[in-house]
Amino acid sequence: MSHLAPQAAIFSPSIARAAASTAKDWAYVDSWLRRQFTHLHQSDPSVFSKSTPPTFERNPETLAALLALVAANEEADEERDRLARLEASALAEVRAAEDEKARRRNGNSNTNASTDTACAEVHGDLLAEDLLQALDSGLTKEGLTALDAMADVSLTLGTPADPSPTHLAHRFAEQTGALHETEHLLHRVSLLQSYLADESARLAAFLEELRLSPQYQLPLPLPTTDTNNEGAGEAGLIKENTALELALKAATTRLPSLQRQVEALKKRVGIPSLTVEEVLQDEEAYLRLLARKKELDAQVRAFAGLPPDVEAARVELENLRAQLREATERRDADFEMLVERESPVKVRRNSRRF
């Protein structure tokens, strides 16, 4: 309780418990600070006296901050200790594996040196490791990168037995096709789900209409006028049973008409029974119609610019044909003039011969 003023007096047990808890927390913080500054105390004894907060800083805010700092520091220390133990365990396992490999290599070398005719035992893992080391040492940086990439792709595609580029390419193409088919199936399933949701909402509305519609409600029981008289009560029950029987007969006679109404309603609403194959056929038919539309649009674009009248369009077409003929004749005349201009020497040579 050194943080309290000398004249402060404790009058209640709650204040005493709070003061004792605060003193315990400060003692814990002081001991932690002493542990943190132990190495400084060994080099400079004057630092030990400065390792605790001064009196004017011993307040609840400083205590809360120091307790949070202590908790974070201890958590970091525990995490560092766990990582150190994990690294030490992994290092021990690696060293044990390396020692075992070295012992086996030494055993093979001793066997080879002692026996000349007998075949030495070959360890597959050692041979594979030696081959991999030789391969890594013989490859360039780009080659190592390509080899790692091929190994990753082989493991991802699930083809570690045959990691050739051709097999990986075929497997990648198969996976791409499967992905495309799965996306199409998901799209169709989503369409079917939306269709089922719409049908469910429609049927729920129809059931609600059947439940609330007055023509589908049961008739109310007929009230009796005289409850005190036993004979009048029996007569009322008989009358009520008779009315119920009549209502039941009327409902039975109306049942076929109601069934016909339901069938007509189904036909009018038109509930389709679609399947995935039918949707696929409709999609293919739509794609064929779309391709045909594109072809027709290309043919129609060839007649763009012509007037809507048939006779005017024919006149315009004849004018264009006349322009085409004039351009063709002009091109042929220019070509003949070019040929005559570029070949006068050959004409002179032919005239000299004769």
Side-chain angles (χ1 to χ4, degrees), residues 140-143 145-146 149-150 152-154 156-157 159 162-199 267-354:
T140 60
K141 184 178 180 181
E142 292 80 6
T145 304
M150 186 180 293
D152 293 338
V153 172
S154 177
T156 303
L157 295 178
T159 58
D162 186 11
S164 61
T166 305
H167 187 71
L168 291 177
H170 285 296
R171 184 64 177 168
F172 187 76
E174 292 176 359
Q175 293 292 332
T176 304
L179 177 62
H180 187 66
E181 292 179 359
T182 305
E183 289 178 352
H184 275 283
L185 288 176
L186 288 176
H187 180 65
R188 292 169 185 169
V189 168
S190 63
L191 291 177
L192 182 60
Q193 184 179 4
S194 62
Y195 169 73
L196 292 177
D198 295 339
E199 290 298 320
K267 293 179 181 180
R268 186 170 65 254
V269 173
I271 301 176
S273 57
L274 294 177
T275 60
V276 178
E277 290 78 8
E278 292 178 357
V279 173
L280 181 59
Q281 293 176 1
D282 294 340
E283 183 181 1
E284 292 177 353
Y286 171 72
L287 292 177
R288 288 195 297 270
L289 289 176
L290 187 61
R292 180 59 180 169
K293 177 181 177 300
K294 290 182 180 179
E295 294 177 359
L296 295 177
D297 290 340
Q299 295 179 6
V300 170
R301 281 196 297 270
F303 298 97
L306 295 176
D309 189 9
V310 178
E311 297 298 332
R314 288 178 179 175
V315 172
E316 184 70 20
L317 182 60
E318 292 297 331
N319 294 332
L320 293 175
R321 287 177 178 174
Q323 294 179 7
L324 178 61
R325 286 194 295 270
E326 291 178 1
T328 304
E329 292 174 357
R330 192 182 307 111
R331 182 198 62 187
D332 295 339
D334 293 339
F335 181 74
E336 291 176 358
M337 291 175 60
L338 180 63
V339 170
E340 291 177 358
R341 186 181 64 185
E342 295 296 334
S343 59
V345 179
K346 295 181 180 180
V347 176
R348 291 196 195 97
R349 289 179 181 176
N350 294 332
S351 60
R352 288 178 183 177
R353 288 179 184 179
F354 293 105

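FYI, side chains are in, hydrogens and waters are out, and symmetry mates aren't considered; it's all heavy atoms of this structure.
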Distance from Asp282 atom CG to Glu277 atom CD, nearest 0.5 Å? 11.5 Å
In a check of side-chain contact (heavy atoms from CB on, under 4.5 Å) between Lys293 and each of Asp297, Leu296, Leu289, which one passes? Asp297
What pairs with Glu284 under salt bridge (charged side-chain N to carboxylate O under 4.0 Å, His left out), at least two apart in sequence or on another chain? none
Given 3.5 Å as the limit, does a donor-acceptor pair link the side chain of Thr156 with the main chain of Asp152, or not? yes
Gap between atom CZ of Arg321 and atom CZ of Arg314 - 0.5 Å precision: 10.5 Å
Enter the distance from Thr176:OG1 to Glu181:CD here, rounded to the nearest 0.5 Å. 11.5 Å
How long is the straight-line distance from CD of Glu174 back to CZ of Arg171, given to the nearest 0.5 Å? 6.0 Å
Tell me, which pairs form a side-chain hydrogen bond (donor to acceptor under 3.5 Å, both in side chains) where one or both residues lie in residues 323-337, sequence neighbours left out? none
Nearest heavy-atom pair of Leu338 and Arg341: which atoms, and what distance? CD1-NH2, 3.1 Å
CD on Glu283 to CZ on Arg288, rounded to 0.5 Å: 11.0 Å
Just how far is it from atom CG of Leu196 to atom CG of Leu191, taken to the nearest 0.5 Å? 11.0 Å
Greater than 12 external heavy atoms within 6.0 Å of Arg188's CZ: yes
